[in-house]
Amino acid sequence: MSEKNGKLIARELAVADLSDATKDAMWSVFARYYAGISRPTFERDLAQKQNVITLLDSGDESLQGFSTLEVYDQEIDGRRVVAIFSGDTIVDKEYWGQKALQTAFFFFILRTKLANPMTPLYWFLISKGYKTYLLLSRNFVEYWPRHDQATPAWQSKLVDALARQKFGDAWDAGAGVLRMNGKDGRLKQGVAPVDPSALAHADIRFFVTKNPGYVVGDELMCVGLVDLKFAFAYA
């Protein structure tokens, strides 16, 4: 029997094709890092997604993380847009810093863009921890919200429309955050703590200021534009 070797590989699957064993493994990883969410709620949320990127140890192929994905195609203010929504995303701490997820996500984005070459494509994500927000700020040239520029009017409408469609009354448009009131999980204490050294980073400081309720599960609503600048900048 193979043993873990500490190196991640990514596999993309349709949610409809997930085995019960894979769902069990996904829940096991998720429950180690998130509190305030039940297995049935996790399963219902998963069923709403279309695809999932699974992260496996390349030695024994045990599941060590995942990210769920959903694609929207809609019209906002007379402009057609496509948006890729990232749902639950978690990587076991022993594998932090590896690029398997980023690489798999990049190719998913690329395929979606090639299928919609003339239509603006955005990454639509919710962030209850600063590490997720850093994936946006470090890999996208044009993204919102951000510490150094105000969000333009049309992008604000885009975020509002997507958030209202997906989350309804939980969306606090004035604050720009999703208020789950403990209903959709929160990072467990000690996972991605924000210490004084982290606050020296402008993006982390902005995330904490913009979404102080992250400690109880509030999520910052964000979008990033997928264009040629993004393709060249993606780390």
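Computed from a predicted structure; not experimentally measured.
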same_hphob_cluster([X], [Y]) at 4.5 Å side-chain heavy-atom cutoff:
| X | Y | value |
| --- | --- | --- |
| L114 | I53 | yes |
| Y130 | V216 | yes |
| I109 | V141 | no |
| W96 | L55 | yes |

Grab the two heavy atoms, one from [X] and one from [Y], that are nearest each other, plus how far apart they are.
| X | Y | answer |
| --- | --- | --- |
| Y143 | D203 | OH-OD1, 3.9 Å |
| F124 | A83 | CB-CB, 4.3 Å |
| L121 | L225 | O-CD1, 3.6 Å |
| Y34 | I90 | CE1-CD1, 3.8 Å |
| Y133 | C222 | CD1-SG, 3.9 Å |
| G176 | L220 | O-CD1, 3.7 Å |

Taking C-beta and beyond as the side chain, do [X] and [Y] meet within less than 4.5 Å on heavy atoms?
| X | Y | result |
| --- | --- | --- |
| S62 | L56 | no |
| L158 | V81 | yes |
| Y122 | Y72 | no |
| T89 | L101 | yes |
| V15 | T68 | no |
| Y33 | K93 | yes |
| M26 | D88 | no |
| V52 | L18 | yes |

Nearest 0.5 Å, please: how far is [atom2] in [Y] from [atom1] in [X]?
| X | Y | atom1 | atom2 | result |
| --- | --- | --- | --- | --- |
| D92 | R32 | CG | CZ | 4.5 Å |
| D73 | R80 | CG | CZ | 4.0 Å |
| W171 | D160 | CH2 | CG | 6.5 Å |
| L63 | T22 | CG | OG1 | 7.0 Å |
| K49 | F66 | NZ | CZ | 10.0 Å |
| R111 | E12 | CZ | CD | 4.5 Å |

For the backbone of [Y] and the side chain of [X], can you confirm whether one donor and one acceptor N or O come within less than 3.5 Å of each other?
| X | Y | result |
| --- | --- | --- |
| K113 | M118 | no |
| S58 | K7 | yes |
| Q64 | L8 | no |

Quick one, K4 with E94, criterion side-chain contact (heavy atoms from CB on, under 4.5 Å). Give me CA distance, side-chain angles, the key distance, then yes/no.
CA-CA 11 Å; K4 291 183 176 67; E94 296 300 317; over 6 Å; no

Q | Worked verdict on D57 versus Y95 for side-chain contact (heavy atoms from CB on, under 4.5 Å) | A | CA-CA 9 Å; D57 185 285; Y95 298 80; 2.6 Å; yes

Is the closest basic N to carboxylate O distance between [X] and [Y] below 4.0 Å?
| X | Y | value |
| --- | --- | --- |
| R39 | D24 | yes |
| R179 | D172 | yes |
| K166 | E70 | yes |

Inset, instruction - Return yes when atom CG of D169 has more than 12 non-hydrogen atoms of other residues, nucleotides or ligands closer than 6.0 Å, and no otherwise. - result: no

Those residues at least two apart in sequence (or on a different chain) that pass side-chain contact (heavy atoms from CB on, under 4.5 Å) with D77 are W154, K157

| Is there a side-chain contact (heavy atoms from CB on, under 4.5 Å) between H201 and L134 once you walk through the steps? | CA-CA 10 Å; H201 191 296; L134 290 179; 3.9 Å; yes

With a 6.0 Å cut-off on the ring centroids, do W123 and F105 count as close? yes

Applying side-chain contact (heavy atoms from CB on, under 4.5 Å), run through D60 and E3 and close with a yes or a no.
-> CA-CA 5 Å; D60 64 359; E3 297 182 353; 5.8 Å; no

